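Please read all numbers here as calculations on a predicted model, not as lab measurements. All values below come from the heavy atoms of this structure, side chains included, with hydrogens, waters and symmetry mates left out.
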Amino acid sequence: MSKSFNSIEEAFAWFLEHVYKNLSPEEKKGELVSAWRSFTFKQGISQKRMISILERYGFDVNISVTYKK
């Protein structure tokens with residue numbers, strides 16, 4: 001399955017809904033539950049941290065920035 005996203009935040013939200021919720025309670029401990037809490041309750045989570053977690057769970061993250069005059 002291949003899925004594309006328009007932003008890191010959109011991909012992370014999808015990860016939380018479709019991957020995170022299906023992980024075992026043991027896997028959700030520590031950094032992941034902290035990241036879930038920070039994202040869900042808008043406490044602040046860096047894109048670097050989201051990318052690190054996404055890559056660990058099989059996401060290929062490529063950032064593209066385009067300037068058009």
Side-chain angles (χ1 to χ4, degrees):
M1 177 176 104
S2 180
K3 184 151 179 68
S4 296
F5 304 94
N6 293 319
S7 70
I8 300 300
E9 291 78 7
E10 182 185 345
F12 198 73
W14 188 90
F15 163 79
L16 291 176
E17 181 66 27
H18 296 92
V19 178
Y20 175 81
K21 75 176 191 178
N22 295 317
L23 297 175
S24 71
E26 197 61 37
E27 286 181 279
K28 290 181 184 178
K29 289 184 179 178
E31 181 191 17
L32 282 182
V33 74
S34 174
W36 169 82
R37 193 175 293 125
S38 294
F39 186 84
T40 302
F41 297 108
K42 299 184 184 353
Q43 297 172 339
I45 180 172
S46 70
Q47 283 193 347
K48 182 178 179 181
R49 187 168 167 212
M50 286 188 273
I51 290 169
S52 173
I53 292 169
L54 290 172
E55 288 178 336
R56 200 174 328 141
Y57 285 89
F59 287 72
D60 182 22
V61 179
N62 297 302
I63 299 171
S64 175
V65 178
T66 304
Y67 172 72
K68 295 181 181 179
K69 225 176 184 181

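- Few gaps surround CG on Asn22; more than 12 heavy atoms of other groups in view lie less than 6.0 Å from it.
- Heavy atoms only, all atoms of each residue included: Ala11 and Phe59 are closest at O-CE2, 4.3 Å.
- Across every non-hydrogen atom of Val61 and Leu54, the tightest pair is CG2-CB, 4.3 Å.
- Within a 6.0 Å sphere centred on CD of Gln43, heavy atoms belonging to other residues, nucleotides or ligands number more than 12.
- Ring centers of Phe41 and Trp36: under 6.0 Å apart, within the cut-off.
- For the atom pair Gln47 CD and Ser7 OG, the distance stands at 8.0 Å (nearest 0.5 Å).
- Across every non-hydrogen atom of Arg49 and Ser38, the tightest pair is NH1-OG, 4.0 Å.
- In terms of modelled atom types and a separation under 3.5 Å, the side chain of Ser52 and the main chain of Lys48 share no donor-acceptor contact.
- In terms of heavy atoms, Lys28 sits closest to Leu23 at CE-O, 3.3 Å.
- The ring pair (Phe, Tyr, Trp, His ring centres under 6.0 Å) test with Tyr57 is passed by exactly one of Phe12, Trp14, Phe15: Phe15.
- Considering only heavy atoms from C-beta on, Glu31 comes within 4.5 Å of Arg56 through its side chain.
- Note that the CZ atom of Arg37 and the CD1 atom of Ile45 stand 12.0 Å from one another [nearest 0.5 Å].
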